[in-house]
Asks: 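Before anything else, here's the structure in question.
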Amino acid sequence: MSFVPKDFVAKAVEELRRAFPAGQAVVACSGGVDSTVCAVLAQQAFGARAHPVFLDTGFMREGEAEAVRLALETVGIALEIVPVAPRFFQALADVSDPEEKRRRFRHTFYAVLAEVLAEKEAQALVQGTIAADVRETQAAVKTHHNVLDLGPQVWPTELLVLEPVRPLLKPEVREVARHLGLPESFVRRRPFPGPGLSIRVVGGVTPQRVELLRRATRIVEEETADLPVFQAFPVLLAERATGVRDEARHCGEVLVLRIVRSSDALSAEALPLPWERLQKLVERLLAELPSLSRVLYDLTPKPPATIEWE
Ligand code: XMP
């Protein structure tokens, strides 16, 4: 039986109302299409009882918070942006192990969210977990930060966690987003991990290295905007490599480009980009980011690699 977005929305809204008939609900918006859809569903189910919030962790892309705010504004929803970057940088300082980064990120995220819940006197949390997140966390491929596993230590007791898009895969979430009237640019938004740029800076995470990656990310996104890809992003390696700048030896940063096709994130393959496109992208990165000495293209499919580097 084919998926019918209208029927899904009607059922999801009804189920949300039934599950949480009274009280305040916070919607954790990450900027992705999954949680943005949840914000709209929650608004339809709860009206003014729904409070969509976006935690600005400092690991987001350029203009991310504003982009989400505008997308939700087009469907009549006001998003609250909570600026908490210093707390995240502090929590991740000196951590280079990928799973430890995720653990600290998740812990900080939920600690801040717990404060927001308390401030709103909310008894429910709506979050955009989808089927692939659950599958990968269960399979212990990696722990997705939006799959709740923290236990009650940071939560108000009796918190109800609602995950209305949990039964869906990414393509279905996009169909629902389109049906709900979210802007097309948002419907097609490429996925971006919850821990954001922190898991794309291999090794230690500093504001300077994150800023370099943020600038590289903007360039890669601009140069690949027209490509039919699932995700296209750079990763900043911990290693440095020798290069030449201004006729002098220069030990610079190394970026890896990850540009992949995928339908559901469970498997993926590198895009066979025309050489000229790759060259243009590399030239632009090297011209605009003088601290780089090399840019590499990752050809590895998933499996055995994952899409993200960490
Ligand atoms: P991997 O790297 O496991 O990624 O092949 C599969 C998809 O999930 C995204 N991803 C995450 N999303 N929290 C998220 O919300 C995370 O911790 C996380 N890790 C990976 C990744 O970008 C890809 O779309």
Side-chain angles (χ1 to χ4, degrees), residues 27-39 54-57 59-61 64 68 88 91-92 95 97-110 113 125-150 161 163 165-166 168-174 177 187-202 205 213 217 220-221 224 227-236 256-271 298-310:
V27 188
C29 294
S30 68
V33 65
D34 311 339
S35 60
T36 308
V37 161
C38 285
F54 176 92
L55 305 190
D56 194 346
T57 62
F59 300 130
M60 296 303 177
R61 290 168 291 188
E64 184 110 46
V68 195
F88 280 84
L92 271 80
V95 183
D97 176 72
E99 277 298 294
E100 181 61 13
K101 270 188 198 172
R102 280 158 190 277
R103 200 188 67 76
R104 300 240 193 140
F105 183 95
R106 199 164 63 229
H107 197 273
T108 311
F109 191 90
Y110 285 123
L113 203 53
L125 172 70
V126 184
Q127 63 169 8
T129 312
I130 63 166
D133 304 344
V134 180
R135 249 184 257 176
E136 297 222 324
T137 299
Q138 278 166 353
V141 173
K142 63 180 67 166
T143 48
H144 281 249
H145 98 288
N146 54 357
V147 176
L148 268 184
D149 63 351
L150 270 187
V161 177
E163 296 178 319
V165 293
R166 198 176 171 109
L168 306 187
L169 290 170
K170 204 68 157 190
E172 295 166 340
V173 181
R174 293 196 204 282
V187 171
R188 289 177 201 242
R189 205 147 205 246
R190 296 174 186 164
F192 185 67
L197 301 179
S198 75
I199 56 164
R200 293 179 179 171
V201 172
V202 179
V205 176
L213 185 65
T217 301
V220 173
E221 289 190 348
T224 61
L227 295 174
V229 295
F230 187 71
Q231 276 170 294
F233 58 87
V235 174
L236 184 60
V256 175
L257 298 174
R258 192 76 173 126
I259 304 178
V260 297
R261 286 197 286 232
S262 173
S263 60
D264 56 9
L266 298 174
S267 65
E269 59 178 3
L271 195 75
D298 183 354
L299 298 179
T300 329
K302 172 182 181 175
T306 53
I307 294 176
E308 301 291 342
W309 261 56
E310 295 207 315

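The model shown is predicted, which means the values in this text are computed figures rather than measured ones. Ligands are counted one by one from 1 in listed order, and the atoms in each one are counted from 1 as well.
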Asks: Go through the structure and list residues passing salt bridge (charged side-chain N to carboxylate O under 4.0 Å, His left out) with Arg188, not counting sequence neighbours.
Replies: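 Result, salt bridge (charged side-chain N to carboxylate O under 4.0 Å, His left out) vs Arg188: Glu184.
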
Asks: What part of Pro191 sits under 4.0 Å from ligand 1 if we count only heavy atoms: the side chain, the backbone, both or neither?
Replies: side chain

Asks: List the atom of Ala91, the atom of Val95, and the distance in Å for their closest heavy-atom pair.
Replies: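 Looks like O-CG2, 4.1 Å.
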
Asks: Where on Ser30 is there a heavy atom closer than 4.0 Å to ligand 1, on the side chain, on the backbone, on both, or on neither?
Replies: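 It is neither part, as no heavy atom is under 4.0 Å.
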
Asks: Counting from 1, what ligand 1 atoms have a heavy atom of Pro195 closer than 4.0 Å?
Replies: 13 (N), 16 (C), 17 (O)

Asks: Among Arg200, Arg190, Arg102, Arg258, which one puts a heavy atom closest to atom 17 (O) of ligand 1?
Replies: Arg102

Asks: Would you name the heavy atoms of Val161 and Gln127 that are closest together and state the gap between them?
Replies: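 What the structure gives for the nearest pair is CG1-NE2, 4.1 Å.
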
Asks: Please report whether ligand 1 has a polar contact with Ile307, defined as an N or O pair separated by less than 3.5 Å (distance criterion only).
Replies: yes

Asks: Compare Lys101, Glu310, Glu308, Lys170 and give the one whose heavy atom is closest to atom 22 (O) of ligand 1.
Replies: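 Of the listed residues, Glu308 has the closest heavy atom.
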
Asks: Output yes when the distance from some N or O of ligand 1 to some N or O of Gln231 is under 3.5 Å, and no in every other case.
Replies: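 Yes, Gln231 has an N/O under 3.5 Å of an N/O on ligand 1.
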
Asks: Can you list the residues that meet the ring-ring contact (aromatic ring centres under 6.0 Å, His included) rule with Phe59, with sequence neighbours excluded?
Replies: Phe89

Asks: I want to know if ligand 1 touches Gly194 in the polar sense, i.e. an N/O pair below 3.5 angstrom.
Replies: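 There is such a contact, yes.
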
Asks: Can you list the atoms of ligand 1 that are under 4.0 Å from a heavy atom of Lys302?
Replies: 1 (P), 3 (O), 5 (O), 6 (C)

Asks: Check Glu100 with Arg104, please: is the shortest side-chain N to carboxylate O separation under 4.0 Å?
Replies: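 Judged by the 4.0 Å cut-off on N to carboxylate O distance, Arg104 and Glu100 do form a salt bridge.
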
Asks: Any sub-3.5 Å donor-acceptor pair from Gln231's side-chain atoms to Arg190's backbone N or O?
Replies: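 Absent.
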
Asks: Do you know the tightest heavy-atom contact between Arg258 and Thr306?
Replies: NH2-O, 3.0 Å

